[in-house]
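Just so we're on the same page: letters track the sequence lines, and every chain starts at 1.
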Amino acid sequence: MIEKNYQPADIEGRMSLVWEDSRAFRAGRPDRRDAKPFTIVIPPPNVTGSLHMGHALNNTLQDILCRFERMRGRDVLWQPGTDHAGIATQMVVERQLMERQQPRRRDMGREKFLERVWQWKEESGGTIVNQLKRLGASCDWSRERFTMDEGLSRAVVKVFVQLHREGLIYKDKRLVNWDPKLLTAISDLEVQQVEVKGSLWYLRYPIEGKSFSPDDPTSFIVVATTRPETMLGDTGVAVNPEDERYRHLVGGHVILPLVGRRIPIVADEYSDPEKGSGAVKITPAHDFNDFEVGKRHNLAQISVLDQEGSMALVGNEDYLRDLPEGSEEFARELHKVDRFAARKQIVARLDNFGFLERIEPNTHMAPHGDRSGVVIEPYLTDQWYVDAKTLAEPAIAAVRSGRTKFVPDNWSKTYFEWMENIQPWCISRQLWWGHQIPAWYGPDGKVFVAETEEEAIGHALGYYVEQEVITPEQGREMALDRNKRADFITRDEDVLDTWFSSALWPFSTLGWPDDTPEVKRYYPTDALVTGFDIIFFWVARMMMMGLHFMKDAPFSTVYIHRLVRDEKGAKMSKSKGNVIDPLGVIDEYGADALRFALARGAAQGHDIKLSPQMVETNRNFATKLWNACRFAEMNDCVQPEGFDPTSAKDTLNRWIVHETVRATREVTEAIEACRFNDAANAIYRFVWNVYCDWYLELAKPMLMGEEGAAKTETRATVAWARDEILKLLHPFMPFITEELWEVTARRDTLLALSQWSRKADAITAEQLALMSAANPNEPMVPLALLEVAPADFTDEAAEAEIGWVVDLVTAIRSVRAEMNIAPATLTTLVLSGASAETRKRLPRWNDVIKRMARLSDISFADRAPEGAVQILVRGEVAALPLKGVIDLAAERTRLDKEIVKADADIKRVDAKLGNEKFVANAPEEIVEEEKEKREAALARKAKILEALERLKNAS
RNA sequence: GGGCGGUUAGCUCAGCGGUAGAGCACUGGUUUUACACACCAUUGGUCGGGAGUUCGAUCCUCUCACCGCCCACCA
C-alpha cells in the first residue's frame, strides 16, 4: 500500500540504505558484461569540502545521464572520488593550527604536519561523499578514489618522469606568479586580475652627464609607474624607437635616483608613446614585460624583494657597495619593510630630492592570488614547467575534428582561444600537501628524475662516481645508508600543482599505469559534466594528458553547465548571506524535488536561478505523482504480465499510449542532447497535464463502472502508463520513483528500477540489506529498461477524438465560469447540427462529458434552442440552454467579442492573400494554409452570427 | 583591448522566418469519492531602441543602448 502522505525524508532515508547495500551501481555488473559501457568520471570535489549548490547541480546532471544509460542497458561506470586540493586543504589545516594555538606548520616540520593533514582528511573526508549519496548519486562507490591514493600517486610519478624524459617537463629560472602570503609559486590560472584604485607616479630620472635640476626638463627623463618601490631594481629605461621626443637619448644612460646606478636608455617597441610619459622604467626581475624587454637588451635582473614581498637589499653586497653616499643607510632601513610601506618611504625620499614630478590617480588591474587574496609578485625563481604548447596541439585537434564535443558548442571557441595561446604551465608549488616532485639533486645541483628514490640515487651515485666526485666505495656506502647521503643528495622539496593529478583522473582512477581490464573497458569515457570555471584548470589538461598517455581523448562529450544563483540572479556567497544549502533543502523538500528543480532550470547557456519556492513547486509535483499512483492503486490498476498497450481497443487507452510514447520520445531525445530542462519539463507536463488532468479524469467513469473487458483494459493501461512514467522520471527523481515502483508494480517478475529485485510487499529494506550482506554473490537481475515498447506507435484518430472531448469540456467549463453558474447547478447540453462523426462519438463519452462539464443530459438537435449559450467546438455548435439563467445582454457582448476576433482574423488573412507578392512568392503550402484559415474564420463568423440571430429571437 | 552570452507576460524561461508559448505568481470560483502540496476558469506581451534583407521578422543582417561573464603584460 502506498502511504497516504508523501514524505520524502522517510523514503530517501530508506532508499539510501537499499542502494548502499545493493550493487546496482557497480560497473561490470554480471548482467551487463556484454553491454556497451558508459563512463563518466566525477569532477572530484575537495576531500575535505562539503556539498554546495554547484555540486548538487553538477552531480544531479551526471546522475541523470548515468541512471538513464543504465536503464537503457549500458554498463555504466560513474567513477567517484575526491581531490586532495593542495593549497586549499593545506590552508584549512594551517588555519586550524592557528585557531587552536598549536605549533605552526614550519615549527612542526614536514612529517608531523603531513600527519596532521592526513588526520584531517580521515576526519572530514567522508562528509562530501555521504552528502552526494543523499543527493542520490548513483556512483560506483566501491571504486572510490582519492588523488593521493597509492595508485594515483604512482600514475603521477610515472607521468612526471616520462614527460621529463621527453623534454616536456623541465626546470626553468624565470618570473613566476609568486604568492607572498602563501609563499609559493602559482600558475597563471590561479591569478585573478582585480581592479584597484592606485596612483601613477611620474618620476624624474636624471640624464647622465647633465646637471640634474627639477626645473630643467632637459636634465632628466620622466617615467611613469604604478610600482615605484621596484625602481630600486630598475636596470633600464625604454622608449619607443619611433618616438621623436626621446630619439636623441637612445643609447645614452640615466642615473637611477637614490641608487645612483647608471642604466641605459634603450629603444623598444614595448614602450607605448601614448602611455604615461612615453618612457618606461624597466625592472626585469619584477615585471613580466620588463623581463622580456630586459632579455632583448641584455639588461641585468636585480631582485629587490624577498619571498614575503618585503624589501631585501641587505645581503646583496654588490648592490649596497654601489649605492651613493647616504643611500646605503636608507637601503638598510628599508630592509624587510613590506612592499607597500616601502613604497611610501621611497616616494617620500624621491620627492625630497626633487625626483617626483607628480602623482595621478590611476585605476588599473592588479594580479591577486585566488586563494590568498594578496597582490601577486612576479618573482624570479627556479620552478618546474610543463611544455603545454606541445601537449596542446593534439588536444586542439581532437576538438577541431569533433572527436570531443563541447555542449553547448560555443565553449569550444573559448577552449581554442586559450589552448592556442597557452603558456608554459608552472607545476611546482612550495607546499607540503601534495605529490612531492620525484627529483633529486646532487651537490652540484644536477637533477636526477626517477620513479623511485632507489633508482634516482642509483643514477646519481653512478654519475658522481664516474665523475670521480666520490669514490666507488663512498658510492656504495651512500647507496646503502640514507644518513650517509643525506647532505650529498637531496630530494626536491616541492609538490605538484593539484591540477597535475586531476589531469590524469580519467585514466588514473581506472588503474593506469597498470594494464587493468577497467582501463581497457572504460577508457575513453563518454561524457564529462562540469562548470565553465574549470575548463582551463581541468578539462584542457585532461585533454592534453589523456591524448598524450592514452592516445585518445578522455571523453567524447563535455557538457558545460552554468552557475546556480539565487532567485534574484545574484551569485550565492557567504558574505551576501544568500547561500541556499542543498542539504537544508533536501531535509525540507527532499532530494528529488531539489534535483528536479535543478534539472528543470538547467537550460543550456543559462545560469540557474533557484529559490526554495522553486524546490517547493517540484515537491508539489512529486506529491501529485504520488497521489496519482495512489489513485491507480486504489482502483486495482495492475499491469498484467505480457500486456501489450498497442493492442488496446478503447480510444482513451489508445490515446494515452500514443501520448506516452510521444512523451518518452521527447524526453529521450532531450536527454541525449543534454537538454535537461526540456527533458524535465516534458515529463512535468506529461505527468501533470496529460496523465493526471485528462487521462485519469477521463478514465474515472470506466474505472468506476461495471466490470468488463473495457474496465480490465483501462486498469491495465493506467498501470502501464504509470510504470512508463516511473521509468521516465527515474533518472530525475530516483527516490520517489523507486519507492512507487516497488510498492505498485505487482508483477511476477519484479524488476526494481535500479536495484536488486525483491518481492515488493514481502521484503523490507532492512531485510534486503541483510540478504545482500549475507549473500553477496547472488546474481543481479536486470534493471527496468527504459525502452518505449512501441517506439513508433501513433494513433491520430484517438488523438482527434480525445482532442474533441477536451475542447468540448473546456469550452463548457469556460462558459459556465463566465456565466457564474454555480458548480452544483447541472445544465443540459444540445449538440446542434452535429456531424455523423460526432453522433457516433458521443455515446462513448456521454458519461465522461457529463461528469467533467457538470451536465445532466446531452442531446442532439438540428438547431440550437432559443436563448441558449452557443459555443463553437471544432466547427460545430454546442448549446447550453440557459434561458432564464443567463444574462442575454452579457451573452450578446460575449458573442460580439467573438465576432470582433473573427473579423480581425479575416482581415489579417485577407491582407495577406490580397498581397500579390505574397501569393506569388510564398510557398504553396503556406498560401494554402492561409486560405484554409480564411475559410475557417468565415465559417466561424457565420456560426456566431447565426447564434446572435437566435439570441435576438429569444429576447 | 579581445571574446562570449543576455535583453520575450509581474518572475523564471521556451520559441528562432509564416497570426506570441509554458511554469510559477496574480485574480475569481470550488469541502467534485487520488491530490487544497489540489481542482476549475481567467487576467496579462507594439518579443530592449533604430535601420535593413524579405511577400512576411521575436526569429536573419547591421547598428545603438543596457546587463552579465571570460581572457589579456600594458607603465
Side-chain angles (χ1 to χ4, degrees), chain A residues 2 4-6 188 193 200-202 223-227 238 270-272 274-283 287-292 362 364-365 367 378 408 410-411 413-414 417-418 421 532-533 535-536 562-563 567-569 571 589 593 600-601 603 605-611 613-614 616-635 677-678 681 684-685 688-689 692-693 696-697 700 704 809-810 813-818 820-824 851-852 854 904-905 908-909 912 915-923 925-927 929-930 933:
Chain A
I2 304 176
K4 173 131 187 6
N5 294 312
Y6 165 54
D188 298 345
Q193 297 293 334
L200 197 53
W201 285 269
Y202 286 78
V223 297
T225 180
T226 53
R227 300 211 52 196
Y270 164 66
S271 180
D272 182 346
E274 305 293 316
K275 303 269 176 178
S277 62
V280 60
K281 70 197 249 329
I282 301 298
T283 324
D287 183 284
F288 287 100
N289 290 310
D290 294 4
F291 183 78
E292 296 302 322
N362 176 265
H364 61 112
M365 303 294 266
N410 53 304
W411 289 109
K413 191 158 182 177
T414 308
E417 198 80 22
W418 190 71
N421 298 297
F532 59 89
D533 49 335
I535 292 180
F536 306 143
R562 304 264 306 225
L563 238 50
E567 57 212 293
K568 295 190 199 91
K571 221 172 188 167
Y589 301 108
R600 290 227 285 152
H606 287 282
D607 289 339
I608 297 174
K609 287 170 192 151
L610 188 79
S611 62
Q613 196 219 43
M614 289 174 188
E616 189 184 345
T617 300
N618 290 291
R619 189 275 320 265
N620 294 352
F621 171 70
T623 308
K624 183 74 182 176
L625 173 73
W626 186 265
N627 284 311
C629 291
R630 277 184 63 218
F631 173 79
E633 187 186 49
M634 286 170 181
N635 284 282
N677 59 324
D678 288 344
N681 284 318
Y684 184 95
R685 208 166 320 150
W688 205 313
N689 304 119
C692 292
D693 286 352
L696 293 184
E697 291 303 326
K700 274 178 184 173
M704 288 163 189
V809 168
T810 306
R813 279 172 172 173
S814 188
V815 166
R816 289 178 56 105
E818 221 170 309
N820 283 320
I821 295 165
R851 178 192 150 83
M852 296 186 77
R854 321 245 354 118
D905 282 355
R908 194 180 304 114
V909 177
K912 264 195 175 179
N915 182 344
E916 280 174 32
K917 285 182 182 169
F918 171 73
V919 181
N921 293 322
E925 65 264 28
I926 298 291
V927 178
E929 234 172 75
E930 292 298 320
K933 274 183 205 163

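- Looking at heavy-atom distances under 4.0 Å, A922(A) makes contact with a base.
- When the C1' atom of G68(B) is taken as reference, atom CG of N410(A) falls 14 Å away, rounded to whole Å.
- A side-chain donor-acceptor contact under 3.5 Å links R854(A) to the backbone of P823(A).
- Taking atom P on both nucleotides, G28(B) is separated from U63(B) by 50 Å, rounded to a whole Å.
- Comparing N627(A) and F918(A) by the nucleotide of RNA chain B whose heavy atom lies nearest to each, the residue mapping closer to the 5' end is N627(A).
- Between the side chains of D693(A) and N689(A), at least one donor-acceptor pair of N or O atoms lies under 3.5 Å.
- Here K609(A) reaches the OP1 or OP2 of C13(B): one of its side-chain N or O atoms lies under 4.0 Å away.
- Comparing atom distances between the M365(A) side chain and each of A41(B), A38(B), A72(B) picks out A72(B) as nearest.
- The phosphate of C69(B) (OP1 or OP2) has no side-chain N or O of K571(A) nearer than 4.0 angstrom.
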Evaluation steps, side chain to side chain contact (heavy atoms under 4.5 Å, CB included), between R813(A) and R816(A): CA-CA 5 Å; R813(A) 279 172 172 173; R816(A) 289 178 56 105; 5.7 Å; no

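- The aromatic rings of W626(A) and Y6(A) lie tilted to each other, with the angle between the two planes from 30° to 60°.
- For S271(A) against A279(A), the heavy-atom pair with the smallest separation is OG-CA, 4.3 Å.
- Residue T810(A) is classed as a sugar-phosphate contact, given heavy-atom separations below 4.0 Å to backbone atoms only.
- At a threshold of 4.0 angstrom between heavy atoms, the contacts of Q613(A) are confined to the sugar-phosphate backbone, with no base atom among them.
- Of the candidates C74(B), G23(B), C13(B), C74(B) carries the atom nearest the K275(A) side chain, counting heavy atoms from C-beta on.
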Residues L200(A), T226(A); criterion side chain to side chain contact (heavy atoms under 4.5 Å, CB included); working and verdict: CA-CA 5 Å; L200(A) 197 53; T226(A) 53; 3.7 Å; yes

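- A salt bridge does not link E633(A) with R630(A): every distance from a Lys NZ or Arg NE/NH1/NH2 to an Asp or Glu carboxylate oxygen is 4.0 Å or more.
- D693(A) places its CG atom 13 Å from the C1' atom of A41(B), with the value rounded to the nearest Å.
- The distance from atom CG of L610(A) to atom P of C11(B) is 18 Å, rounded to the nearest whole Å.
- When heavy atoms are screened at a 4.0 angstrom cut-off, C692(A) is found touching base atoms of the nucleic acid.
- When heavy atoms are screened at a 4.0 angstrom cut-off, P923(A) is found touching base atoms of the nucleic acid.
- V223(A) and S277(A) get closest at one heavy-atom pair: CA-OG, 3.6 Å.
- Residue contacts shown for E697(A) include a base, since a base heavy atom lies under 4.0 Å away.
- Within 4.0 Å (heavy atoms only), M852(A) reaches no atom of the nucleic acid at all.
- Between the CZ atom of R816(A) and the C1' atom of A41(B) there is a distance of 12 Å, given to the nearest Å.
- Across all strands shown, R227(A) has no heavy atoms under 4.0 Å from either base or sugar-phosphate atoms.
- Atoms CG (N681(A)) and C1' (G23(B)) sit 7 Å apart, rounded to a whole Å.
- Distances were taken from every side-chain heavy atom of R600(A) (C-beta onward) to each of G23(B), U33(B), C35(B); the shortest belongs to G23(B).
- Of the candidate nucleotides G23(B), A22(B), U30(B), U30(B) has the atom nearest to the side chain of P823(A).
- For U42(B), the OP1/OP2 oxygens have a side-chain nitrogen or oxygen of S814(A) closer than 4.0 Å.
- Evaluation of the salt bridge (Lys or Arg N to Asp or Glu O under 4.0 Å) rule for K624(A) yields no partner, not counting sequence neighbours.
- Of the candidates C73(B), A14(B), A34(B), the closest approach to any side-chain atom of Q193(A) belongs to C73(B).
- With a cut-off of 3.5 Å on both pairing distances, the Watson-Crick and G-U wobble pairs of RNA chain B assemble into stems of 3 or more at B:1-7 with B:65-71, B:10-13 with B:21-24, B:27-30 with B:38-41, B:48-52 with B:60-64.
- In the set C55(B), C74(B), C13(B), C55(B) carries the atom at the smallest distance from any side-chain atom of N915(A).
- Atom CG in N5(A) sits about 13 Å away from atom P in A38(B), given to the nearest Å.
- Residue side chain K700(A) reaches the base of A34(B) through a donor-acceptor N/O pair under 3.5 Å, judged by distance alone.
- One finds no side-chain N or O of N620(A) lying less than 4.0 angstrom from the OP1 or OP2 phosphate oxygen of C37(B).
- OP1 or OP2 of G18(B) has not a single side-chain nitrogen or oxygen of K933(A) nearer than 4.0 Å.
- A22(B) and U8(B) have their C1' atoms separated by 13 Å, with the value rounded to a whole Å.
- For K413(A) and C4(B), the shortest distance from a side-chain N or O to OP1 or OP2 is below 4.0 Å.
- Proximity of W688(A) to the phosphate of C35(B): no side-chain N or O atom is located under 4.0 Å from OP1 or OP2.
- Nearest-nucleotide positions on RNA chain B for G278(A) and E616(A) put E616(A) closer to the 5' end.
- At least one side-chain heavy atom of R600(A) sits under 4.5 Å from a side-chain heavy atom of T617(A).
- Straight-line distance from the CZ atom of F631(A) to the C1' atom of C35(B): 11 Å, rounded to whole Å.
- Checking the phosphate oxygens (OP1, OP2) of C73(B), no side-chain nitrogen or oxygen of H364(A) falls inside 4.0 Å.
- R813(A) comes within contact range of the sugar-phosphate backbone alone, with a heavy-atom separation under 4.0 Å but no base atom that close.
- When the P atom is compared between G23(B) and G18(B), the two are found 22 Å apart, to the nearest whole Å.
- Residue contacts shown for F536(A) are limited to sugar-phosphate atoms, with no base heavy atom under 4.0 Å away.
- Nearest heavy-atom pair across R227(A) and P378(A) is NH1-CD, 4.2 Å.
- In this structure, CZ of R562(A) is placed 15 Å from P of U12(B), rounded to the nearest angstrom.
- Nearest nucleotide to the side chain of H606(A), out of C37(B), A22(B), C13(B): C13(B).
- D607(A) comes within contact range of the sugar-phosphate backbone alone, with a heavy-atom separation under 4.0 Å but no base atom that close.
- Contacts of E930(A) with the nucleic acid, taken as non-hydrogen atoms under 4.0 Å apart, involve only primed sugar atoms and P, OP1 or OP2.
- The shortest distance between the side-chain N/O atoms of Y684(A) and the OP1/OP2 oxygens of C13(B) is not below 4.0 Å.
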